[in-house]
Amino acid sequence: MEDRARALFSFGIIADVQFADIDDGMNYLRTSRRFYRNSVALLRDAVRHWEETRVSCVIQLGDAIDGYNKSRDASERALDTVMAEFEKSSVDVHHVWGNHEFYNFSRETLMASPLNSAGKAGAGSDLIADDIYAYEFSPAPGFRFVLLDAYDVSVIGRDASSEKHQQAMKLLLKHNSNADLNQPPDSGLEQRFVKFNGGFSVEQLQWLEEVLTLADQKQERVTVFSHLPVHPDATDSICLAWNYEELLLVLRAHKSVMIFISGHDHDGGFCTDPSGVHHITLEGVIETPPDTSAFGTVYVYEDQMLLKGSGRTADRVLRYP
Ligand SMILES: Nc1ncnc2c1ncn2[C@@H]1O[C@H](COP(=O)(O)OP(=O)(O)O)[C@@H](O)[C@H]1O
């Protein structure tokens, strides 16, 4: 690893904390253990590490609290617990929204909550006025971060009477004939058409296109963040964004795009697209045993980024395309 002191800046990444004050459990398929109560302790360790390493900012990749909180009337308490850990540090935290945010809160409530970090974006643009939780900002001169809303077109978090909900339901029913729409269709990439995923509207794709065109012109280096992964080689198909292909086309068309970082698939994943863009799916904290960890600190240089992984998260050298 290169001398970290020479980095231009660094930032922290963490995914799927899914905190709930309940005993350990299992995932739906009963293949992995979930450490609901301990997840906040792992978050605490990560925040302490970032405070010590003086990162410029942290990106929380979504699913900060688990859907179980809703049925226990504990959503706000759980969110307070998680936010209190972040607040122990003075580092700026940017929050991405995942499916579990919508299991706990309406989109309207989320917009007014501490999980809406768009106000920290400074001079960057956003889509908040269009009820899309996407924004961009420059973490350091020559660099740009874009946070996407992967549940923009979705049946969770969109009012049943809304056009986007109807559009999402139509798409789901076209691809998924199961009575329970959380149960995936049988084959390959089609498995992504489940209720707990979502996609990007035309409006959001156009905005991203504009942001990246400007970044190309300014010769900036862009990192894109989303709860849902968009590359089939970086995740299990069941976790992919519905219209991942459209998003990939936009990323591939812009030379400014360097890295795409997501959560959602708790096993994590990684690939480098033929375009040279690296796709990181970060391991989920919720399925990380108490004696280890899962988070990353990314050191940014002129010619590459270095992901220093903790615990289940591997180190990676990410050369710019
Ligand atoms: N194969 C499946 N069939 C039916 N329901 C499923 C399946 N996988 C997940 N679910 C349901 O979908 C929802 C989201 O799944 P979950 O594994 O909790 O997602 P996450 O990984 O985001 O925590 C849960 O309500 C879960 O019970």
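Each ligand, and each atom within it, is numbered from 1 in the order the structure gives. Just so it is clear, the structure is predicted and the values come from calculations on it, not from any experiment. Residue numbers start at 1 and run along the sequence shown.
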Separation of Leu240 CG from Glu245 CD (nearest 0.5 Å): 9.0 Å
Which atom pairs, one a donor and one an acceptor, fall under 3.5 Å between side chains of residues 247-255 and the rest of the protein, sequence neighbours left out?
{"residue": "Arg252", "atom": "NE", "partner": "Asp273", "partner atom": "OD1", "Å": "3.3"}
{"residue": "Arg252", "atom": "NE", "partner": "Asp273", "partner atom": "OD2", "Å": "3.0"}
{"residue": "Arg252", "atom": "NH2", "partner": "Asp273", "partner atom": "OD1", "Å": "2.7"}
{"residue": "His254", "atom": "ND1", "partner": "Asp216", "partner atom": "OD2", "Å": "2.7"}
{"residue": "His254", "atom": "NE2", "partner": "Glu209", "partner atom": "OE2", "Å": "2.7"}
{"residue": "Lys255", "atom": "NZ", "partner": "Asp216", "partner atom": "O", "Å": "3.3"}

Do we get Arg316 above Phe270's six-membered ring, with its NZ or CZ under 6.0 Å from the centre and within 45° of the axis? yes
For ligand 1, which of its N or O atoms have a protein N or O partner closer than 3.5 Å, and how long is each gap?
{"residue": "ligand 1", "atom": "12 (O)", "partner": "Asn182", "partner atom": "ND2", "Å": "3.4"}
{"residue": "ligand 1", "atom": "17 (O)", "partner": "Arg34", "partner atom": "NH2", "Å": "3.3"}
{"residue": "ligand 1", "atom": "18 (O)", "partner": "Arg34", "partner atom": "NH1", "Å": "3.4"}
{"residue": "ligand 1", "atom": "21 (O)", "partner": "Arg34", "partner atom": "NH2", "Å": "3.3"}
{"residue": "ligand 1", "atom": "22 (O)", "partner": "Asn99", "partner atom": "ND2", "Å": "2.8"}
{"residue": "ligand 1", "atom": "22 (O)", "partner": "His100", "partner atom": "NE2", "Å": "3.2"}
{"residue": "ligand 1", "atom": "23 (O)", "partner": "Gln18", "partner atom": "NE2", "Å": "3.2"}
{"residue": "ligand 1", "atom": "23 (O)", "partner": "Arg34", "partner atom": "NH1", "Å": "3.1"}
{"residue": "ligand 1", "atom": "23 (O)", "partner": "Arg34", "partner atom": "NH2", "Å": "3.4"}
{"residue": "ligand 1", "atom": "23 (O)", "partner": "His100", "partner atom": "NE2", "Å": "2.7"}

Please determine whether residues Trp97 and Ile13 belong to a single hydrophobic cluster, defined as Ile, Leu, Val, Met, Phe, Trp and Tyr linked transitively by side-chain heavy-atom distances below 4.5 Å. yes
CG-CZ distance between Asp92 and Phe86, expressed to the nearest 0.5 angstrom: 12.0 Å
Is any NZ, NE, NH1 or NH2 atom of the basic residue among Asp45 and Arg48 found under 4.0 Å from an Asp or Glu carboxylate oxygen of the other? yes
